[in-house]
Amino acid sequence: MTDLPRLIATEEAFAPREYIDAFLDLTKSVDTATSRYLAIYYRQAEAVRQLTDLDYRIAEMDAHGVDLHLIGITGPGVQAFDAARGTELATIANDTLAAAIGRHPTRFAGLAAVAPQDPAAAAREVDRALGSLGLNGVIINSHTHGEYLDDPKFWPIFEAAVARDAAVYLHPTFPSDAMIEPYSKYGMMGALWGFGADTSLHAVRMILGGVFDAFPTLKVVLGHLGEAIPFWLDRLDNRHANIVRRGGLGPLGMKQLAKSPSAYFRDNFWITTSGMMSDPPLRFCLDRCGDDRVLFAIDYPYEQTAEAVAFIRAAPLDRATMDRVTHANAEALFRIAPLALRRAAVQGV
Ligand code: MN
């Protein structure tokens, strides 16, 4: 048993109790498909406990040999609110998470919530959370009231993240109010299809919008094996080049890019296995992105720990690749100290 690779899960959700209460309060005045969907979920006691009681998950981690959760605020998170309330809830979320990491320093690491509604405040929160709170990266739950991070007004957040060398986890949320209607039937607005559709749109907007020409060292993480983008890399390059060749830059509002779209994906993106528990897409993504770019994730509490762990333990990977995917890539990207060092720090040796 001692030879099993250490398991770090990198897209594990939580929510401070204040967020759940604020969201349920918001649903009294704001009636959208998203608020109706989540209000049902947030009234289920077990679901709320899994999100809000950060000590509760330790038993499930122990039962399945998960060594560490990299924890981030669940979607839509603080981005559901106005700028002032969102900023306040981000501070609460990050303080709550830092306290939990303090209680369980060998079991938890954390991603900082920020409210892009106030980009300057969000940039300051990145600095505080990565600085004095010691968190390990940033999480942004895709669009903010229908606005995407390719808009330069949000770029102070990237400036702060790059200054701290903090990876930004672009986590899914529901399609925006302007986009959600076609997703509103057949249960498609959530993880079944809408999450991935919105998050892949967001990442491609960032690439085509020149975010990575402005921030060449920015690190972005996508869950769900890259939200299908690895499958589209050749077509993105082919169609982008085709439009440029036909003089479409101006008419189609395109930006001149220094590199091909796929080159940014390979240079600036990391992907995790959250919610994807099948060998063929894992092997494909390792082939397309490289074994230093794929990280294990569960997506607690939305996915089953037992299923995700059984999948990765049995994945057809050589030991070096298995070690990278299960923990070494996460340790490097999120500056999570190897277990022995974390234990030693706790014991004061
Ligand atoms: Mn998730």
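For ligands, and for the atoms within them, numbers begin at 1 and follow the listed sequence. Small disclaimer: the values here were computed from a predicted structure and weren't measured.
- When you scan the N, O or S atoms of H171 for the one nearest the Mn ion (ligand 1), you land on NE2.
- Within the coordination shell of the Mn ion (ligand 1), defined by N, O or S atoms under 2.8 Å, E11 is present.
- Between Y169 and H171, the two ring planes are tilted [angle within 30° to 60°].
- Nearest to the Mn ion (ligand 1), among the N, O or S atoms that D299 has, is OD1.
- Looking only at distances, a side-chain donor or acceptor of Q79 sits under 3.5 Å from a matching main-chain atom of S142.
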Checklist entry - Between L218 and V168, does a side-chain contact (heavy atoms from CB on, under 4.5 Å) hold up when you go through it step by step? => result CA-CA 8 Å; L218 178 62; V168 177; 4.2 Å; yes
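- Residue-environment remark: CD (Q304) stays at or below the threshold of 12 foreign heavy atoms within 6.0 Å.
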